Amino acid sequence: MSSFIASIKRAATSFNPPTLPNDNNPLKFGIISTADISVQALILPARSHPSVEVYAIAGRNPENTEKFAKKHSIRKVYSGKDAYQALVEDPEIDVVYIPLPNIMHYEWTMRSLNAGKHVLVEKPIAMRAEEARRAHELAETKGLVLMEAMHVRFHPAVARLREIIERGDIGSIKHISSTTFLPSLAGALYTDDKFALGKGCMMDVGCYAIEMIRLVSSSVPISVTSAEYDTDVHHVHNMDDNVRGTLQLPNGVTADFASKISVPPRFGIIPKLDFGVEVVGEKGTAKLNQYMFPHLYHSIVVTDLSGKKTIHKAYTFSDGDGTRPAGEPWWSTFRYQLEAFVTRIKGNKPRIWMSKEDSVAVMQAIEQTYEKMGMEARPKSPYV
Ligand SMILES: NC(=O)C1=CN([C@@H]2O[C@H](COP(=O)(O)OP(=O)(O)OC[C@H]3O[C@@H](n4cnc5c(N)ncnc54)[C@H](OP(=O)(O)O)[C@@H]3O)[C@@H](O)[C@H]2O)C=CC1
Ligand SMILES: O=C1OC[C@@H](O)[C@H](O)[C@H]1O
C-alpha cells in the first residue's frame with residue numbers, strides 16, 4: 001500500500017513539478033512546433049531545472065502557437081510560414097529542441113547547428129544512419145552539443161540494471177529480450193500519408209526496443225538477423241506494426257525484440273503497456289519491468305539458477321554531487337535526460353550520454369530491420 005501511495009505521489013509531482021527560480025544566466029531553449037511531446041519531454045522537466053528557460057516557440061498556425069505559448073508561459077512566439085527558421089536564427093536562443101515529424105529532424109538539426117545552436121532532437125534522430133553521422137559531424141565541427149532524445153537511457157533504474165550485469169550477478173550474457181508495447185489509445189493509428197513523414201512502428205517505439213538491447217549489452221555493432229511484421233491493425237501496406245526481430249551481438253550473444261503501437265486494451269478498457277528488457281546470463285536472469293515511465297513504478301527482478309528472486313529499484317542515483325545531482329524520486333526519464341544534456345553543454349561529463357555512435361547504431365539497426373522485413377525503407381530526408 002505504501003509503495004502504491006509513493007507511486008501516486010511521484011506521478012502527481014512529475015505532472016506538476018515545483019518551479020525553481022532560474023539561475024543568473026539560464027540556457028534559453030526554443031521549441032520548433034507545438035508538438036504534444038514537448039510538454040513531457042521539455043516544458044515540465046525545465047520547471048525544476050534552474051539553468052533552463054523555455055524561452056521561445058515556433059508553430060505554423062498563429063492562433064495555436066499563441067495559445068500554446070500562453071498556456072506554458074513561453075515568452076517569445078514565432079508563427080507562420082517562416083517561423084521555424086526565424087526561431088533558429090534568434091540570437092537570444094542557445095538551444096533548439098526539435099519534436100517535429102521524423103522526416104524533418106535532419107533538416108532542422110542541420111539548420112539549427114548552422115545557426116550556432118545546441119540541439120536536442122527527438123528520436124529517431126534522422127531517417128538514415130548516414131544523416132545521423134552527418135549531423136553529428138557538423139556539431140563536432142561547430143563545437144556544439146547535439147543529442148538524440150533517447151530518454152529511456154537516462155533513468156537510474158536502467159543504470160542499476162547495468163550495474164547488476166556488469167558486476168557479474170547473472171554471469172556472462174547469453175540472450176536479451178526487449179519489448180515495447182504501446183496501448184492503441186496512446187499510439188497514433190497509421191494512415192497512408194504517415195509514410196512520407198517517416199512513421200512506422202520501428203521509427204516510433206521499435207527504436208526503444210533496439211536501444212535497450214544495445215544499452216544493457218553495451219554492444220556496437222549489432223546486426224539484425226531476421227524481422228517480420230503485420231499490417232492488419234492499420235491496413236496500410238507500407239506501415240509496419242507488431243514487429244518481431246532477432247539480433248546477433250558480439251561474443252555469440254543473441255537477442256530478440258517485439259514492438260507494437262496498437263495493443264488493444266484488456267477487457268476493452270484497461271490500457272496494456274509492456275516496456276521490459278530481460279537479460280539471460282549463465283548464472284541467472286535480470287529483468288527491468290517498465291523502462292518507459294520508471295518514475296511511476298518499476299522493478300528489476302534478478303532470478304538465480306535456483307529460482308530465488310531479488311528485487312531492486314532505483315529512483316535516484318546514489319552518487320550525487322554538485323555537477324551531477326542524485327535526482328528526485330519523481331524525476332522522469334525526460335528530467336534525467338535534460339540534466340545530462342545541460343551538464344554536457346556546461347562542459348561537464350554527464351553520467352549517461354547518447355553519443356554519435358549510439359545514434360548511428362540505432363539508425364543502422366532500424367534500416368536493417370526494414371530490409372529484413374522486406375519492406376520499403378522510410379524516405380531519406382530531402383534536405384541537402
Ligand atoms: N519521446 C517520446 O516519448 C515521444 C517522442 N515523440 C517524437 O516526437 C516527434 C514528433 O511526434 P509526432 O507524433 O510526429 O508529432 P506530431 O504529428 O504531433 O507533429 C509534431 C508537430 O510538427 C509540426 N509539423 C510540421 N510539419 C508537419 C506536418 N507536415 N505534419 C504534421 N506536423 C507537422 C506541427 O507543429 P506546428 O503546427 O505547431 O508547427 C506538429 O504539431 C517524433 O519524432 C516522435 O518520434 C513523439 C511522442 C512521444
Ligand atoms: O516515443 C514515443 O513514445 C510514446 C508514443 O506515444 C509515441 O508514439 C512515440 O513516438
Side-chain angles (χ1 to χ4, degrees), residues 30-45 56-69 71-72 74 77-87 97-109 119-127 132 147-155 180-191 193-212 234 239 241 259-263 271 273-275 291-294 332-338 354 359 362-363 366 378-379 381-382:
I31 307 178
I32 303 191
S33 89
T34 58
D36 292 342
I37 187 57
S38 62
V39 178
Q40 294 304 319
L42 177 64
I43 294 172
L44 291 179
I57 177 99
R60 297 172 301 175
N61 177 300
E63 207 182 316
N64 284 352
T65 317
E66 283 290 348
K67 206 165 135 199
F68 189 96
K71 181 169 177 195
H72 299 290
I74 299 173
V77 177
Y78 292 98
S79 58
K81 182 166 78 53
D82 300 319
Y84 297 173
Q85 187 62 32
L87 182 141
Y97 167 58
I98 306 176
L100 287 166
N102 301 335
I103 190 76
M104 300 170 80
H105 289 185
Y106 177 67
E107 169 170 358
W108 289 97
T109 297
V119 173
L120 179 65
V121 55
E122 267 305 332
K123 38 60 60 180
I125 186 170
M127 303 301 293
M147 191 176 83
E148 177 181 6
M150 189 59 84
H151 63 106
V152 293
R153 276 196 149 228
F154 293 87
H155 197 272
T180 48
F181 284 180
L182 197 68
S184 43
L185 295 175
L189 274 187
Y190 296 144
T191 47
D193 56 335
K194 301 277 177 168
F195 182 81
L197 294 179
K199 281 265 185 187
C201 180
M202 285 311 296
M203 300 291 281
D204 197 312
V205 292
C207 61
Y208 294 128
I210 299 275
E211 173 54 16
M212 291 313 285
H234 311 281
M239 280 294 156
D241 198 8
S259 244
K260 285 190 204 182
I261 69 146
S262 46
V263 181
L273 48 86
D274 180 356
F275 299 103
Y291 60 73
M292 192 73 145
F293 313 103
S332 63
T333 51
F334 298 110
R335 180 60 182 81
Y336 281 106
Q337 169 179 268
L338 184 64
M354 181 74 190
S359 289
V362 174
M363 285 311 315
I366 294 174
R378 308 298 92 172
S381 166

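Order of listing sets the numbers, starting from 1, for every ligand and every atom in it. Everything numeric in this text was worked out from a predicted model, so none of it was measured.
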- [ ] Determine whether any heavy atom of E122 lies closer than 4.0 Å to an atom of ligand 2.
- [x] no
- [ ] Taking the side chain as every heavy atom from C-beta outward, state whether I125 and H105 have any pair of such atoms under 4.5 Å apart.
- [x] no
TODO: Might you check, step by step, whether the distance between atom 32 (N) of ligand 1 and some protein heavy atom is under 4.0 Å?
DONE: yes
Open item on the list: Can you tell me if K199 contacts ligand 1 (heavy atom of the residue under 4.0 Å from the ligand)?
Closed with: yes
Open item on the list: Quick one about T34 and N64 (side-chain donor to acceptor, distance below 3.5 Å, no hydrogens or angles considered), yes or no?
Closed with: no
Open item on the list: I need the atoms of ligand 2 closer than 4.0 Å to a non-hydrogen atom of L182, numbered in the order shown.
Closed with: 5 (C), 6 (O)
Task: Any N/O pair N61/ligand 1 closer than 3.5 Å - done: no
Open item on the list: Which heavy atom of G59 sits nearest to which heavy atom of A83, and what is that distance?
Closed with: O-CB, 3.7 Å
Open item on the list: Need the ligand 1 atom indices (1-based, order shown) with element for anything under 4.0 Å from a heavy-atom of Y208.
Closed with: 1 (N), 2 (C), 3 (O)
Task: Polar contact flag for D204 and ligand 2 (N/O pairs, less than 3.5 Å) - done: yes
- [ ] Check for a donor-acceptor pair, side chain of T180 on one end and backbone N or O of V205 on the other, with a separation under 3.5 Å.
- [x] yes
- [ ] Using a 4.0 Å heavy-atom cut-off, say whether I261 meets ligand 2 through its side chain, its backbone, both or neither.
- [x] neither
TODO: Return yes if some donor-acceptor pair links the side-chain N/O of K123 with the main-chain N/O of D204 below 3.5 Å, else return no.
DONE: yes
TODO: Determine yes or no for a side-chain-to-main-chain donor-acceptor pair under 3.5 angstrom, with D241 supplying the side chain and I261 the backbone.
DONE: yes
Task: Closest approach of any protein heavy atom to atom 30 (N) of ligand 1, naming residue and atom - done: L197 CD1, 3.9 Å
Task: atom 14 (O) of ligand 1 protein-contacted (non-hydrogen atom, under 4.0 angstrom) - done: yes
TODO: Provide the number and element of each atom of ligand 1 under 4.0 Å from a heavy atom of P99.
DONE: 9 (C), 10 (C), 20 (C)
Task: Nearest protein heavy atom with distance in Å, relative to atom 6 (N) of ligand 1 - done: E122 OE1, 3.9 Å
Task: Min N/O separation D36 to ligand 1 under 3.5 Å - done: no
Open item on the list: I want to know if ligand 1 touches T65 in the polar sense, i.e. an N/O pair below 3.5 angstrom.
Closed with: no
Open item on the list: Quick check: do L273 and V263 have side-chain heavy atoms less than 4.5 Å from each other?
Closed with: no
Open item on the list: Can you confirm whether or not the ring centre of H151 sits under 6.0 Å from the ring centre of Y208?
Closed with: yes
- [ ] State, with a plain yes or no, whether a side-chain heavy atom of V119 is found less than 4.5 Å away from one of I98.
- [x] yes
TODO: Do me a favour and list the nearest non-hydrogen protein atom to atom 26 (N) of ligand 1 with residue, atom name and distance?
DONE: R60 NH1, 3.2 Å
Task: Close side-chain approach of H155 and F334, heavy atoms under 4.5 Å - done: no
- [ ] Compute the minimum heavy-atom distance from H105 to ligand 1 and say whether it is under 4.0 Å.
- [x] yes
TODO: Just need the protein heavy atom nearest to atom 9 (C) of ligand 1, so name the residue and atom and give the distance.
DONE: L100 O, 3.3 Å
- [ ] Drop me the distance from M212's CE to M292's CE, to the nearest 0.5 angstrom.
- [x] 10.5 Å
Open item on the list: Give me the residue, atom name and distance of the protein heavy atom closest to atom 22 (O) of ligand 1.
Closed with: P101 CD, 3.2 Å
Open item on the list: If the cut-off is 4.0 Å to any non-hydrogen atom of Y208, which atoms of ligand 2 fall inside it?
Closed with: 1 (O), 2 (C), 3 (O)
Task: Protein residue, atom and distance nearest to atom 39 (O) of ligand 1, heavy-atom basis - done: Y84 OH, 2.4 Å
- [ ] Would you mind reporting whether P62 and V77 have side-chain heavy atoms less than 4.5 Å apart?
- [x] no
Open item on the list: Quick one, P124 and M202 - any side-chain contact, counting heavy atoms below 4.5 Å?
Closed with: no
TODO: Flag the pair Q337 / R153 as yes when at least one side-chain heavy-atom distance between them is below 4.5 Å, and no otherwise.
DONE: no
- [ ] Just jot down the ligand 1 atoms closer than 4.0 angstrom to any heavy atom of M104, in number order.
- [x] 25 (C), 26 (N)
Task: Heavy atom of the protein closest to atom 45 (O) of ligand 1 (residue, atom name, distance) - done: K123 O, 2.8 Å
Task: Atoms in ligand 1 with a heavy atom of A35 nearer than 4.0 Å - done: 20 (C), 21 (C), 41 (O)
Task: Protein residue, atom and distance nearest to atom 38 (O) of ligand 1, heavy-atom basis - done: T34 OG1, 2.6 Å
Open item on the list: Need the ligand 2 atom indices (1-based, order shown) with element for anything under 4.0 Å from a heavy-atom of K123.
Closed with: 1 (O), 2 (C), 9 (C), 10 (O)
- [ ] For G59, take its heavy atoms, then give the atoms of ligand 1 lying under 4.0 Å from any of them.
- [x] 38 (O), 39 (O)
TODO: Check ligand 2 against M292 and write out every atom of the ligand that is under 4.0 Å from a heavy-atom position of the residue.
DONE: 3 (O)
Task: Contact check, side chains of E122 and L100, non-hydrogen atoms, under 4.5 Å - done: no
TODO: Begin from the C-alpha positions of M354 and V362 and carry the test side-chain contact (heavy atoms from CB on, under 4.5 Å) through to its verdict.
DONE: CA-CA 11 Å; M354 181 74 190; V362 174; 4.2 Å; yes
